[in-house]
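Inspection log for the structure reproduced underneath, given as structure tokens.
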Amino acid sequence: MELIITEKDNAARRIADILSGGTYDSSRENGVNVYEWGGKRCVGLSGHVVGVDFPPEYSDWRDVEPVELIDADVEKTATKENIVATLRILARKANTVTIATDYDREGELIGKEAYEIVREVNETVPIRRVRFSSITENEVTDAFENPDDIDFDLAAAGEARQIIDLIWGAALTRFLSLSAGQLGDDFISVGRVQSPTLKLIVDRKREIQAFDPEEYWELFADLQKDDTSFEAQYFYRDEDDNEAERVWEEATAEEVHDTLSSRDAATVVDVNRRTRTDAPPAPFNTTQFIRAAGALGYSAQRAMSIAEDLYTAGYITYPRTDNTVYPDDLEPEELLDEFVGHSTLGDSAEQLLEADALEPTRGDEETTDHPPIHPTGEIPSRGGDVNDDEWEIYELVVRRFYATVAEAAVWEHLKVVAEVDDCRLKANGKRLVEPGYHDVYPYFSTAENYVPDVDEGERLGLTDVELEAKETQPPRRYGQSRLIETMEDQGLGTKSTRHNTLEKLYDRGYIESDPPRPTKLAMAVIDAAENYADRVVSEEMTAQLEADMDAIASGEATLADVTDESREMLEEIFANLADSREEIGDHLRKSLKDDKRLGPCPECGEDLLVRSSRHGSYFVGCDGYPDCEFTLPLPSTGKPLILDQECEDHDLNEVKMLAGRQTFVHGCPLCKSEDAGEGPVLGDCPDCGDDHDGDLAVKTLQSGSRLVGCTRYPDCDYSLPLPRRGEIEVTDERCEEHGLPELVVHSGDDPWELGCPICNYQEFQARESETGSDLEALDGVGAKTVEKLSDAGIESIDDLTDADPEAVAEDVDGVSADRIRTWQAEA
DNA sequence: GCAAGGTC
């Protein structure tokens with residue numbers, strides 16, 4: 001039996017399909033798919049199935065000095081046991097093994113990992129390696145006809161990277177975490193890729209902070225030919241004889257302004273026409289795909305996640321690739337044919353097929369890993385197979401493919417220079433004369449700027465002279481896609497990991513918001529690393545590692561040479577670090593607190609800090625706790641972000657709640673708390689009244705919703721719901737069972753006797769479980785209305801939101817269409 | 001529980 005091993009299940013299935021001519025059978029072994037035909041079996045791994053780590057005796061951070069990790073053993077252990085087990089079973093029965101993992105360095109290492117697992121159980125079976133860069137019939141059959149051997153040197157290069165990354169990452173991460181006393185989930189991480197990436201963001205922040213804006217002036221005027229007017233801008237020649245628009249002295253700007261304003265005509269002194277070819281874009285690699293999706297509003301992570309889904313479902317090719325050159329056997333005409341007749345993608349395909357010959361564009365990167373991202377020709381149905389976001393991304397990939405086989409666009413540029421005394425004005429016009437690829441790829445701007453045809457010597461009207469005072473702007477923050485592009489330029493991370501690295505920086509509390517801003521903690525970590533372990537925050541470490549890996553791959557160096565040298569460098573770093581442990585720790589701890597600080601506590605003057613409760617919700621508490629027990633509530637949705645904006649009344653920073661699309665600015669927590677106010681105390685809190693004297697009170701939240709809650713919130717989060725609208729009256733009558741006053745809600749004509757809030761809630765829960773209806777959560781909907789709505793076929797809030805208000809109003813007595821609309825809005 | 005790299 002021949003055993004074929006691929007890097008992933010998807011590739012295994014497609015290779016089985018090609019080699020068997022579609023006749024394979026599939027079965028499952030330990031939850032792993034195995035494809036079988038004519039004496040062959042094909043199984044997919046899931047990337048690395050073994051990982052490197054230190055022996056277990058190094059696992060307690062407090063028992064082991066971080067420096068000891070440098071010379072600790074590094075072991076390989078199975079991380080995907082079911083796959084490894086399946087591989088062993090299949091390998092025992094094999095008389096030939098073919099490694100068909102991806103055609104790149106990491107694929108060679110994954111192949112070697114499979115090789116070792118096979119060898120453990122089968123010492124003699126021949127093991128060969130096949131390489132192909134796209135899973136097409138030609139390439140795959142060709143590769144299997146010309147098998148090769150595993151390149152152990154190339155795999156060793158990958159192993160050197162694993163070892164160096166683990167040792168540096170773990171030793172420095174533990175050192176910083178221990179020095180700051182951050183040992184739980186909030187450890188302080190450092191790594192060869194994440195730290196230089198974070199430094200990019202931190203450096204940009206430093207530039208912005210250090211930026212000193214400079215004033216300058218620009219002048220604009222309208223020129224007129226017949227009835228049409230167009231904007232022109234003043235320019236001059238600077239000392240290098242370059243055109244310059246910015247005037248750096250106010251007096252000069254005023255002078256020009258006076259000159260221009262004193263005249264009502266200008267003379268054309270130069271007309272320059274030229275056509276520019278606007279070449280269609282190169283095929284998508286991962287980075288350029290992320291950038292294009294970013295322009296549509298998708299985060300890097302989200303774009304990749306959608307692309308992975310589209311790939312798994314068979315609509316697009318593998319989304320993790322560096323390649324920007326299509327393989328030879330991609331036939332653009334055949335692929336376009338698949339789209340002919342499609343309701344929204346068909347017209348463009350038909351238009352492209354009218355060309356005599358299609359010559360796809362080529363990018364700069366031609367690699368062996370995978371083809372550029374393109375559609376497979378299998379088309380999903382919008383709203384059926386894929387949702388709107390997935391469709392938008394799918395269409396982007398399809399249209400990018402279209403663009404790569406489309407004609408260039410042609411622009412006509414027209415530059416007009418007019419003169420008034422010794423002042424010159426210029427107008428730049430541009431017109432898209434041949435739309436070319438823009439017709440099939442509408443994601444780039446094709447905005448035109450109209451400037452009429454004029455002749456040299458012609459007199460033009462001059463009006464509306466404007467002098468604008470401006471100032472130079474600090475550099476812009478990096479957006480996610482710019483960051484990923486820069487990482488790629490600097491060789492940081494890989495096509496598969498760059499977006500995850502950004503996500504990791506968010507998770508570790510190093511960056512917030514989008515575009516990302518660094519936290520104080522991030523600034524302190526980069527500071528510490530720059531001072532003591534500069535190498536780990538420099539892209540130089542990766543560049544050197546790449547060179548070392550090339551040396552290993554070509555046989556010029558060994559794995560031991562490279563890892564030994566790296567260990568020595570880290571030893572030196574630790575020699576310098578030892579004395580500064582406390583100083584580093586103090587700085588990190590201070591920065592951690594700075595990230596949470598809002599301002600002074602109104603009761604004791606210590607710092608108010610954003611804290612999280614045991615339940616994962618957030619509140620504001622005093623750093624003087626337990627001496628000062630002052631707290632303020634925060635909204636229950638989202639993660640708080642402290643803004644630079646301060647409240648004038650309380651000197652507290654305002655807070656924004658990050659919750660995806662529901663993100664909102666909460667404001668100053670003290671103002672909000674005063675606004676919300678706590679109503680009268682009703683009685684003891686059933687959860688904590690006995691032990692901590694908690695009381696129940698009527699509360700109004702920031703969102704406007706109300707509840708009966710414990711005054712010790714957030715330490716105690718006992719709460720009972722109250723209706724959204726109507727005035728709540730607290731009566732003198734008390735519930736015998738719970739000792740709480742009966743409540744009455746006044747809204748509309750009939751007062752609603754809610755009764756004891758605990759009883760009311762229990763009844764509500766009972767009704768809900770009985771009727772299974774969530775409709776009672778709506779304002780003014782009681783059991784009767786639920787019954788009436790149910791008779792009309794409305795069983796739940798979902799039904800109600802989908803229903804036509806007019807139709808429901810006709811079916812249900814005493815309920816107006818307006819009222820239904822109100823409920824729909826509330827839902 | 002540390003990294004970065006595969007993949008889901």
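So you know, we letter chains A, B, ... as the sequences are listed, proteins then strands, and number each from 1.
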Look at atom [atom1] of [X] and say whether more than 12 heavy atoms of other residues, nucleotides or ligands are closer to it than 6.0 Å.
X	atom1	value
Glu572(A)	CD	no
Arg517(A)	CZ	yes
Glu582(A)	CD	no

By a strict heavy-atom criterion of less than 4.0 Å, which residues belonging to residues 550-563 of chain A are in contact with DNA chain B?
-> none
Using a 4.0 Å heavy-atom cut-off, write out nucleotides 2-8 of chain B from 5' to 3' as B (base contacted by protein), S (sugar-phosphate only) or - (no contact).
-> BBSBBBB
Does the Asn122(A) side chain pair with the main chain of Ala91(A), one donor and one acceptor, at a distance under 3.5 Å?
-> yes
Would a distance-only check, ignoring hydrogens and angles, find a side-chain to backbone donor-acceptor pair under 3.5 Å from Asn323(A) to Pro372(A)?
-> no
Could you list all the salt bridge (Lys or Arg N to Asp or Glu O under 4.0 Å) pairs where at least one residue sits in residues 303-316 of chain A, not counting sequence neighbours?
-> Glu308(A)-Arg320(A)
salt_bridge(Glu108(A), Arg131(A)) N-O dist < 4.0 Å | yes
Does a side-chain N-to-carboxylate-O contact under 4.0 Å join Arg161(A) and Asp548(A)?
-> no
So what does Asp186(A) hit on the nucleic acid, given a heavy-atom distance under 4.0 Å: a base, only sugar-phosphate, or nothing?
-> nothing
